Amino acid sequence: MTAPPEFLTKLLDRYNESGSQSRPNVTLTFAQSLDAKIAGKGGKQLILSGKESMIMTHWMRTMHDGILVGIGTALNDDPQLNTRLLPPREPNPSLNGHNNPYHLPRPIILDMALRLSPQCKLLKNYSDGRGRRPWVVCAEPTADDDKVDWLARRKALEGAGARTVVLAPGPYADGLIPISDVLESLHALGIRSLMVEGGAQVIRSFFQGAKFVNTVIVTVAPTFVGEDGVSYNASLAEMASLLRCAASGISVFCPHTALDCTWGGINDWLAEGVLGTNDVGFVSPLEGEKFSRNGESEGALGRMVTFRTPIPMDVLEKRIKEHLKLPQIQVGYSAVEPSKPVKTVAICAGSGGSVFKGKTADVYFTGEMQHHEVLAAVAADTHVILCGHTNTERGYLPTLATKLDSQLRTAAFSETFDVVISETDKHPLQFV
Ligand SMILES: NC(=O)C1=CN([C@@H]2O[C@H](COP(=O)(O)OP(=O)(O)OC[C@H]3O[C@@H](n4cnc5c(N)ncnc54)[C@H](O)[C@@H]3O)[C@@H](O)[C@H]2O)C=CC1
Ligand SMILES: Nc1nc(O)c(N)c(N[C@@H]2O[C@H](COP(=O)(O)O)[C@@H](O)[C@H]2O)n1
């Protein structure tokens with residue numbers, strides 16, 4: 001193969017088109033075992049990717065401006081972050097500024113305390129003309145830190161060729177810089193696309209700042225590492241149902257928020273229930289409408305239903321109960337005007353609290369919200385309707401099954417498929 005696989009080009013080419021944002025496009029990518037471990041006991045580096053997947057990783061490296069790892073990975077693995085597995089070809093130093101045959105991403109190390117070794121391979125490759133100059137993202141020491149020591153380490157790293165990117169002094173919560181700050185600083189320095197390779201803490205940080213991640217590509221190795229391994233997140237118990245599926249030969253595809261957002265997805269199904277059959281109104285995106293390369297709208301976070309004529313709350317409550325087939329729902333009435341009629345309903349399947357923040361509507365309708373989010377909403381003259389996280393999602397399954405069935409029938413597959421809805425999958429909590 002002499003060019004990146006087509007699916008990578010399709011996924012990552014869209015980065016070239018997004019112009020106005022102040023952060024780079026981010027690809028989070030790593031390899032894990034079935035039990036969600038990315039390294040062995042004590043951080044032992046493991047080869048979890050097969051040959052093809054490793055080559056894919058190296059192609060991905062050629063497709064980004066920057067490649068970011070945490071200092072844990074830099075110290076533990078002493079990585080090179082280059083493209084040595086790709087087919088040999090002539091270097092083009094005048095184009096690339098180094099003797100590697102392919103475009104190399106700028107190595108970026110998140111290293112608050114400047115612990116990177118001046119003898120590391122990244123710096124050695126740079127000084128030998130085989131790599132790009134590494135950037136070390138750090139933060140100015142606070143008054144309590146040992147500034148003399150920090151300045152000495154900075155001098156040593158810069159002497160070895162590194163550029164230090166110094167962010168404002170903390171304190172930062174848990175000593176971690178918010179991912180948005182890291183990304184904005186890198187964008188200001190010209191990084192428009194960023195590949196994030198790990199390790200565990202960095203992956204956690206980026207999953208927490210998930211709204212800044214455009215693409216996640218995970219290689220899952222068919223192996224178990226065991227509880228001693230390094231994990232970024234889920235424990236074996238959390239993954240039990242996934243593992244049972246894998247053991248029975250069932251592949252799992254989890255569309256998650258994408259299915260909420262897409263047109264004709266879960267939020268639109270909830271909006272249909274809110275609109276009912278008699279009332280005239282319209283549905284619009286609540287936030288963050290996304291467009292394809294051709295400029296077609298692909299979906300948005302949440303929906304807003306606007307009725308032409310306001311309806312009473314009890315009519316809306318009845319409608320939602322019928323649509324979700326629920327005998328009871330939880331309702332918090334506006335503390336300002338408890339019987340306020342409803343003209344606008346903000347909708348978000350699952351857990352809508354963060355999506356509703358700053359949105360004005362007569363009603364927030366979602367599965368669950370935190371206690372204090374509910375208090376703030378009713379105090380701000382908004383009714384709240386909560387139906388339980390999965391109750392706002394599971395009722396959509398027949399609609400999804402019909403869509404899947406029709407797609408599978410029209411697709412040119414040699415096999416035939418049956419679409420069935422699980423009869424055992426249900427809300428994990430019961431009223432007793
Ligand atoms: N299987 C795979 O694909 C990969 C596995 N690994 C493995 O991961 C392990 C290393 O993981 P960790 O020890 O968790 O190290 P890490 O590489 O995630 O680095 C953690 C350090 O990075 C800095 N950092 C992370 N997030 C930050 C933030 N938001 N703000 C400021 N600084 C931040 C902090 O200094 C933190 O101590 C190694 O065993 C390595 O082999 C690493 C990369 C990929
Ligand atoms: N894709 C992938 N699969 C694995 O099995 C891995 N262990 C890793 N590790 C990451 O790659 C870095 C090493 O890069 P070089 O081989 O030195 O270029 C390592 O530090 C991890 O970030 N990745």
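Being a predicted model, the structure only gives us computed values, none of them experimental. As the structure lists them, so they are numbered: ligands from 1, and atoms in each ligand from 1.
Which parts of ligand 1 touch Gly70 is read off a 4.0 Å heavy-atom cut-off, strictly below it: atoms 16 (P), 17 (O), 19 (O), 22 (O). Near Glu197, with a cut-off below 4.0 Å to any heavy atom, the atoms of ligand 2 are 10 (C), 11 (O), 12 (C), 21 (C), 22 (O). Below 4.0 Å from some heavy atom of Gly198 lie the following atoms of ligand 1, by number and element: 17 (O), 43 (C). The atoms of ligand 2 that sit less than 4.0 Å from any heavy atom of Leu81 are 15 (P), 17 (O), 18 (O). Atoms of ligand 2 lying under 4.0 Å from at least one heavy atom of Ala31, given by number and element, are 2 (C), 3 (N), 4 (C), 5 (O). Residue Thr73 has at least one heavy-atom neighbour below 4.0 Å for each of these atoms of ligand 2: 20 (O), 22 (O). Close contacts of ligand 2 with Asn82, meaning ligand atoms under 4.0 Å from a residue heavy atom, involve 18 (O).
Between Tyr232 and Phe207, the angle of the ring planes lies from 30° to 60°, which puts this pair in the tilted group.
The nearest heavy-atom contact from the protein to atom 5 (O) of ligand 2 is Leu48 N, 2.7 Å. The closest protein non-hydrogen atom to atom 32 (N) of ligand 1 is Met112 CG, 3.6 Å. Looking only at heavy atoms of the protein, atom 16 (O) of ligand 2 is closest to Arg84 NH2, 2.6 Å. Scanning all protein heavy atoms for the shortest distance to atom 7 (N) of ligand 2 gives Leu46 O, 2.8 Å. Of all protein heavy atoms, the one closest to atom 23 (C) of ligand 1 is Leu110 O, 3.6 Å. Looking only at protein heavy atoms, the nearest one to atom 2 (C) of ligand 2 is Ser49 OG, 3.4 Å. Considering only non-hydrogen protein atoms, atom 10 (C) of ligand 1 sits nearest to Thr73 OG1, 3.6 Å. At the top of the distance list for atom 26 (N) of ligand 1, counting protein heavy atoms only, stands Ser205 OG, 3.3 Å. Of the protein's non-hydrogen atoms, Met54 CE, 3.9 Å is the one closest to atom 23 (N) of ligand 2. Ranking protein heavy atoms by distance to atom 19 (C) of ligand 2, first place goes to Asp77 OD2, 3.2 Å. The nearest heavy-atom contact from the protein to atom 1 (N) of ligand 1 is Ala31 O, 2.8 Å. Protein heavy atom nearest atom 43 (C) of ligand 1, with residue, atom name and distance: Glu197 O, 3.2 Å. For atom 40 (C) of ligand 1, the closest non-hydrogen atom on the protein side is Asp77 OD2, 3.3 Å.
Residue contacts with ligand 1: Ile71 is included, with a non-hydrogen atom under 4.0 Å away. Ligand 2 has no atom lying under 4.0 Å from any heavy atom of Lys121. Residue contact annotation: Thr219 has no non-hydrogen atom under 4.0 Å from ligand 2.
For the pair Gln80 and ligand 2, the shortest N or O to N or O distance falls below 3.5 Å. Between Ile47 and ligand 2, no N or O atom pair is found at a separation short of 3.5 Å. Note: an N/O pair closer than 3.5 Å links Arg61 and ligand 2 by distance alone. For Pro79, no nitrogen or oxygen atom sits less than 3.5 Å from a nitrogen or oxygen atom of ligand 2, counting backbone and side chain alike.
In Ala39, the part holding a heavy atom less than 4.0 Å from any atom of ligand 1 is the side chain. With a heavy-atom cut-off of 4.0 Å, Gln201 touches ligand 1 through backbone and side chain alike.
For Glu289, the CD atom is densely surrounded, since the number of other residues' heavy atoms within 6.0 Å is greater than 12. Taking a 6.0 Å sphere around NZ of Lys359, one finds it holds more than 12 heavy atoms contributed by other residues, nucleotides or ligands. In this structure, Arg409 places its CZ atom where only 12 or fewer heavy-atom neighbours from other residues, nucleotides or ligands lie under 6.0 Å away.
Using a 4.0 Å cut-off between charged side-chain N and carboxylate O, Lys37 and Asp35 make no salt bridge. The residues Arg303 and Asp268 are annotated as salt-bridged, a charged nitrogen and a carboxylate oxygen being separated by less than 4.0 angstrom. The residues Arg23 and Glu184 are annotated as salt-bridged, a charged nitrogen and a carboxylate oxygen being separated by less than 4.0 angstrom.
When the heavy atoms of Ile109, Leu176, Ile38 are ranked by distance to atom 33 (C) of ligand 1, first place goes to Leu176. Across Gly72, Pro79, Gly199, Gly42, heavy-atom proximity to atom 19 (O) of ligand 1 is greatest for Gly72.
Between Met60 and the choices Leu8, Thr215, Leu11, the side chain to side chain contact (heavy atoms under 4.5 Å, CB included) rule is met once, by Leu8.
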